[in-house]
Amino acid sequence: MYTQAMDTMAKEGKGAPRAVAALSAEDAQRQARFDERIDADGRIEPRDWMPEAYRKTLVRQISQHAHSEIVGMLPEGNWISRAPSLKRKAILLAKVQDEGGHGLYLYSAAETLGTSRAQMLDDLHSGKAKYSSIFNYPTLTWADVGVIGWLVDGAAIMNQVPICRCSYGPYARAMVRVCKEESFHQRQGYEGLMVLMKGTQAQRDMVQDAVNRWWWKCLAMFGPPDADSPNSAQGMRWGIKRFTNDELRQKFVDATVPQARLLGVTLPDPDLKWNEARGHHDYGAIDWSEFWQVVNGHGPCNRERLAARVKAHDDGAWVREAAAAHAAKHTPVEAKAA
Ligand code: BYC
């Protein structure tokens, strides 16, 4: 639904300020080669030289993205045991497993930058690393599962398709498969809602209620407005981000309005209207104070989500120990001696 809309993307972000630091002559040369490759829209690979700030930015973004996928399994996982039919249960199981897989590709991509998975998980569990704000809200009804597929996965695709062209090779390649799977997730959510909308009045009301609760949170998912986004200019300059937060938010609104109309739901924004002059929809003010509250750990489910992840990690200690013991037993003697 969204992927096709993103095929015509130009090169953006040229001319933005570069990070300046005192460099040795050799580093200056490496920096120049790096800049040239970025300017030519080339790929940076794990063994290539890269500025420390580029490496740090990627570890931050990719690890937070991985954490989001793993924490993102929880709100929908809540409904696996209560799905209304065997078919819906099988679909939801597959979707939640896919999210786990996305987390694993992304942790692997981040590991190529020299940070261990154990370190990244420590940062998540200690509350140092962020994950997407959207997963700190509860899933109250079955319609929430459909709305997460339609809107949350829809927003995720809008954000993630451009990352398939990210300058860092392993991240870009991981995102190709992630986006294909997210596309299926988005369609299954929309289809599930279509079925509910053709059902009883109570089912239609349940869908509308879920849309009312998730819409604004999905708009905030794209991150703070460009003027308050400290990482955007450099992320664009490095070809990590290809569109700004506000640009992606606008694309999402424009793509979603006709889908809402077809579904027969009302998006809960009295200021939402087509602006002929801009060629886009105008929309109302997002509550950024709520967003920052949630990002800073004070959303309705932050504690619960983190506690669930810490428990899962602790419960899995025996698996890691067994795997390490198995690996040690099968390491050739020469490798041990070396
Ligand atoms: N929630 O300067 P900015 C999924 C933070 S998974 C929490 O604009 P940047 C899915 C931001 O990290 C969805 N924090 O940053 C999974 C920064 O703080 P730090 C996850 C947020 O990096 C399962 C500060 O605010 N997707 O879709 O240029 C089921 C200032 O922001 C949020 C990704 O991770 C937020 N919503 O841009 C279904 C995609 N927004 O780190 C679905 C990859 C901002 O400086 N990531 N912050 O302490 C990105 O594209 C970018 O990192 C962002 C933020 C657009 C998210």
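Every number for a ligand or one of its atoms is a count from 1 in the order of the listing.
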*Asks:* Please work out which of Ser229, Pro230, Ser232 has its closest non-hydrogen atom nearest to atom 30 (C) of ligand 1.
*Replies:* Pro230
*Asks:* Suppose I only count heavy atoms of Tyr131 and a 4.0 Å limit; which atoms of ligand 1 are within that range?
*Replies:* 1 (N), 7 (C)
*Asks:* Can you tell me if Trp288 and Glu290 form a side-chain donor-acceptor pair at under 3.5 Å?
*Replies:* no
*Asks:* Under 4.0 Å from any heavy atom of Lys130, which atoms of ligand 1 are there?
*Replies:* 5 (C), 12 (O), 14 (N), 18 (O), 19 (P), 48 (O)
*Asks:* Please determine if Arg60 has a nitrogen or oxygen closer than 3.5 Å to a nitrogen or oxygen of ligand 1.
*Replies:* yes
*Asks:* Would you say Asn159's side chain and Leu248's backbone share a donor-acceptor pair under 3.5 angstrom?
*Replies:* no
*Asks:* Which atoms of ligand 1 sit under 4.0 Å from any heavy atom of Phe222?
*Replies:* 55 (C)
*Asks:* Atom 15 (O) of ligand 1: which of Asp98, Leu248, Asn231 has the nearest heavy atom?
*Replies:* Asn231
*Asks:* Would you check whether Gly235 reaches within less than 4.0 Å of ligand 1, judged by its heavy atoms?
*Replies:* no
*Asks:* Can you figure out which of Lys241, Lys95, Gln61 has its heavy atom closest to atom 9 (P) of ligand 1?
*Replies:* Lys241
*Asks:* Could you tell me whether some N/O pair between Met221 and ligand 1 is separated by less than 3.5 angstrom?
*Replies:* yes
*Asks:* Provide the number and element of each atom of ligand 1 under 4.0 Å from a heavy atom of Ser133.
*Replies:* 1 (N), 7 (C), 35 (C), 36 (N)
*Asks:* Heavy-atom contacts under 4.0 Å between Ile134 and ligand 1: side chain, backbone, both, or neither?
*Replies:* neither
*Asks:* Show me which atoms of ligand 1 lie under 4.0 Å from any heavy atom of Gly223.
*Replies:* 40 (N), 44 (C)
*Asks:* Verify the ring-centre separation between His65 and Tyr131: is it less than 6.0 angstrom?
*Replies:* no
*Asks:* Can Phe243 be said to touch ligand 1, with heavy atoms closer than 4.0 Å?
*Replies:* no
*Asks:* What residue among Leu267, Asp287, Asp269 forms side chain to side chain contact (heavy atoms under 4.5 Å, CB included) with Trp216?
*Replies:* Asp269
*Asks:* Taking Gly149's backbone N and O only, do any of them form a donor-acceptor pair with Arg187's side chain (distance below 3.5 Å, no angle check)?
*Replies:* no
*Asks:* Does Gln160 reach ligand 1, in the sense of a heavy atom lying below 4.0 Å from it?
*Replies:* yes
*Asks:* Hey, is Asp254 close enough to Lys251 for a salt bridge, meaning N to O under 4.0 Å?
*Replies:* no
